[in-house]
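First comes the structure, then the notes that go with it.
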Amino acid sequence: MSCCGGDFVLDKANAGIAYTDEEAEKSAIERGVRPRPQEIKEEIDERGAFVRQPNRFNTPFGEEASQLKAEAGKYRLFWAKGCHWSNRAAIVRELLGLEEAISINLVAATGETNKYGWGFPDEENHEDPVLKIKFLSEVYKNADSEYTGRCTVPALVDITAGKVVNNDYHRLTNYFETAFKPFQDKNAPDLYPVELRKEIDDFNDWLFPNINNAHYRMAFCQSLEAYEEAFEDFYNAMDKLEERLSKNRFLFGDYVTDSDIRFFVTLARWDTHYYRNLGPLKKRVVDYENIWAYARDLYEIPAFKNNTYFRDFAKDKGGNKKLFSSFNGRFADKIDYEAFWSTPQNRKELSKTPDEKFLRA
Ligand SMILES: N[C@@H](CCC(=O)N[C@@H](CS)C(=O)NCC(=O)O)C(=O)O
């Protein structure tokens with residue numbers, strides 16, 4: 001899946017159920033599904049820089065009539081293992097205990113070449129068991145028959161209507177943290193405390209271009225000038241974050257907040273997967289003493305661990321077949337990511353509440 005900057009094409013040897021291009025094509029024709037648009041080209045500006053497509057479905061959740069209403073059992077979240085924009089939502093849903101309220105499924109590439117975009121290759125009949133769709137684009141089309149953009153995750157879908165209602169990864173976790181509060185676990189952490197919201201929002205707005213999207217700015221740009229700009233932005237930001245985390249256990253002190261989830265999902269993919277598209281790196285994540293220990297501190301939390309699939313990020317299409325193949329192609333299967341990310345660290349020492357990582361409402 002090019003959008004994740006990697007080779008997210010179905011690996012038949014590893015997938016539970018084989019899904020051929022012919023099968024995908026047949027289903028796509030039956031359902032009137034169009035091929036996945038290669039819009040990446042249109043997301044390159046005149047300077048060769050990558051400019052991400054805007055989110056089409058960004059109606060907020062709230063109390064007003066024009067807004068979406070939070071309800072238990074009404075929505076289904078689709079996400080992809082490699083995609084950190086959607087990984088955020090999967091982690092926050094579990095942290096908040098929203099598993100009963102918001103159902104979930106993973107999407108993956110369809111067929112061998114993924115001509116038709118995200119689908120359900122590992123499901124029986126290649127079909128989502130709740131919505132009975134074979135391609136994510138079906139629920140985008142139901143929501144807007146004129147939509148011509150990429151059909152992306154995260155996608156929050158109204159189950160009864162069969163329509164995407166929100167794919168705004170900037171705000172989705174915040175809706176889970178606020179509008180879905182009545183459906184959270186009684187003891188759920190407060191990841192977005194009222195008194196910190198403005199600061200968290202400002203921080204997240206800075207994190208987006210400098211860290212989260214910096215990878216895509218480097219990986220997708222078509223000029224060296226744009227590449228170098230993104231490279232500088234990323235490493236300058238990493239230096240600032242390394243300093244910040246020398247004094248704070250988490251980004252906002254003693255407790256995990258929404259910002260930590262956003263930083264974690266990029267860190268989890270950097271040395272494992274993203275580095276492959278980026279050219280020579282200045283530093284790996286493991287070279288930042290504080291950031292690396294911080295990432296492992298977060299990884300100890302089950303909601304982070306349960307939704308992080310290192311081996312899937314690292315998977316290299318066809319890599320094992322050749323003698324001269326990429327590092328991941330030769331070694332990813334031999335690296336014990338789980339053990340590596342579970343190496344002990346002593347971030348506790350920075351906290352006034354060493355045994356409690358969350359602020360509970
Ligand atoms: N919605 C955003 C971000 C989410 C996003 O890019 N998701 C990627 C995976 S990381 C995706 O679902 N891509 C599907 C595709 O390109 O067909 C966008 O459209 O740029």
Side-chain angles (χ1 to χ4, degrees), residues 1-4 8-12 15-40 42-43 52-59 61 68-69 71 73-83 85-90 93 101-169 171-172 175 312:
M1 184 64 41
S2 64
C3 220
C4 297
F8 277 78
V9 172
L10 185 71
D11 179 345
K12 274 201 281 182
I17 303 165
Y19 194 5
T20 62
D21 270 351
E22 290 71 41
E23 286 172 294
E25 179 105 358
K26 188 166 170 280
S27 300
I29 291 167
E30 272 165 21
R31 291 171 181 236
V33 164
R34 63 178 169 80
R36 171 183 179 268
Q38 301 283 328
E39 297 202 344
I40 284 300
E42 287 165 31
E43 291 172 89
R52 185 171 283 282
Q53 72 173 11
N55 296 314
R56 164 66 183 81
F57 299 100
N58 54 11
T59 305
F61 278 85
L68 297 168
K69 203 167 148 12
E71 261 177 57
K74 188 174 167 72
Y75 303 103
R76 187 159 176 82
L77 173 67
F78 291 106
W79 75 289
K81 289 176 181 174
C83 173
W85 308 114
S86 63
N87 193 178
R88 293 172 179 188
R93 168 184 174 271
I102 302 170
S103 75
I104 199 163
N105 202 3
L106 277 163
V107 297
T110 46
E112 293 127 319
T113 58
N114 193 38
K115 182 172 166 192
Y116 293 96
W118 295 130
F120 307 92
D122 298 327
E123 295 286 359
E124 203 181 332
N125 205 21
H126 307 137
E127 192 172 86
D128 176 63
V130 170
L131 280 149
K132 308 289 179 202
I133 52 171
K134 290 196 175 187
F135 302 92
L136 185 67
S137 66
E138 293 178 65
V139 280
Y140 271 82
K141 192 173 158 201
N142 291 347
D144 176 1
S145 57
E146 307 287 304
Y147 181 68
T148 56
R150 291 180 287 107
C151 298
T152 56
V153 286
L156 193 70
V157 174
D158 179 320
I159 297 171
T160 319
K163 294 178 178 176
V164 176
V165 291
N166 193 290
N167 72 342
D168 181 5
Y169 59 91
R171 302 299 297 177
L172 197 53
Y175 300 138
D312 292 84

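If you read the sequence from its start, that first residue is 1, and numbering goes on from there.
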Q.
Using only atom types and a distance under 3.5 Å, with no angle test, would you say the side chain of Arg93 pairs donor to acceptor with the backbone of Ile102?
A. yes
**Q.** Carboxylate-amine/guanidinium contact Lys26 Glu22, below 4.0 Å
**A.** no
Q | Exam field: side chain Asn55 to backbone Asn58, donor-acceptor pair closer than 3.5 Å | A | no
Q. For the side chain of Asp312 and the backbone of Lys81, is there at least one donor-acceptor N/O pair under 3.5 Å apart?
A. no
Q. What distance do Lys115 atom NZ and Thr110 atom OG1 have between them, rounded to the nearest 0.5 Å?
A. 10.5 Å
(Q) Within this structure, what is the OG-CG distance for the pair Ser103 and Leu131, rounded to the nearest 0.5 Å? (A) 7.5 Å
Q) Checking side-chain contact (heavy atoms from CB on, under 4.5 Å) for the pair Cys83/Tyr169: CA distance, chi angles, key distance, verdict? A) CA-CA 11 Å; Cys83 173; Tyr169 59 91; over 6 Å; no
Q. Would you say the side chain of Tyr175 lies within less than 4.5 Å of the side chain of Leu68, judging by non-hydrogen atoms?
A. no
(Q) Within the 4.5 Å heavy-atom criterion, are Asn105 and Arg76 side-chain neighbours or not? (A) yes
**Q.** Rounded distance (nearest 0.5 Å) linking atom CZ of Arg52 with atom CZ of Arg150
**A.** 6.5 Å
Q) Ser137 versus Tyr116: any side-chain heavy-atom pair under 4.5 Å? A) no
Q: State, with a plain yes or no, whether a side-chain heavy atom of Tyr140 is found less than 4.5 Å away from one of Trp118.
A: no
Q) Between Leu172 and Leu77, is any pair of side-chain heavy atoms under 4.5 Å apart? A) yes
**Q.** Contact check, side chains of Asn114 and Arg36, non-hydrogen atoms, under 4.5 Å
**A.** yes
**Q.** Audit row: Asp144, Phe57, side-chain contact (heavy atoms from CB on, under 4.5 Å) steps and yes/no
**A.** CA-CA 10 Å; Asp144 176 1; Phe57 299 100; 3.9 Å; yes
**Q.** Short side-chain to backbone donor-acceptor contact, Asp168 and Thr59, under 3.5 Å
**A.** no
(Q) Working to the nearest 0.5 angstrom, can you tell me the gap between Ile133 CD1 and Phe120 CZ? (A) 4.0 Å
Q) Partners of Arg31 by side chain to side chain contact (heavy atoms under 4.5 Å, CB included), sequence neighbours excluded? A) Val33, Glu127, Lys134, Glu138
Q.
Any heavy-atom pair between the side chains of Pro121 and Glu23 that's under 4.5 Å?
A. no
Q.
Contact between Trp79 and Asn87 at the side-chain level, heavy atoms closer than 4.5 Å - yes or no?
A. yes
Q | Distance-minimising heavy-atom pair for Ala24 and Phe135 | A | O-CZ, 3.5 Å
Q. Can you list the residues that meet the salt bridge (Lys or Arg N to Asp or Glu O under 4.0 Å) rule with Lys74, with sequence neighbours excluded?
A. Asp158
Q: Report yes or no: does Asn142 contribute a side-chain atom to a donor-acceptor pair with the main-chain N or O of Lys163 at less than 3.5 Å?
A: no
Q) Do the ring planes of Tyr75 and Phe61 sit parallel (below 30°), tilted (30 to 60°) or perpendicular (above 60°)? A) perpendicular
Q: Mind listing the closest non-hydrogen atom pair of Arg34 and Cys151 along with its distance?
A: NH2-SG, 3.8 Å
Q | Thr152 OG1 to Asn167 CG distance, which is reported to the nearest 0.5 Å | A | 4.5 Å
**Q.** Non-hydrogen atoms of Trp85 and Val153 that approach each other most closely
**A.** CB-O, 4.4 Å
Q: Starting at CG of Asp128, measure out to CG of Leu136 and round the result to the nearest 0.5 Å.
A: 9.5 Å
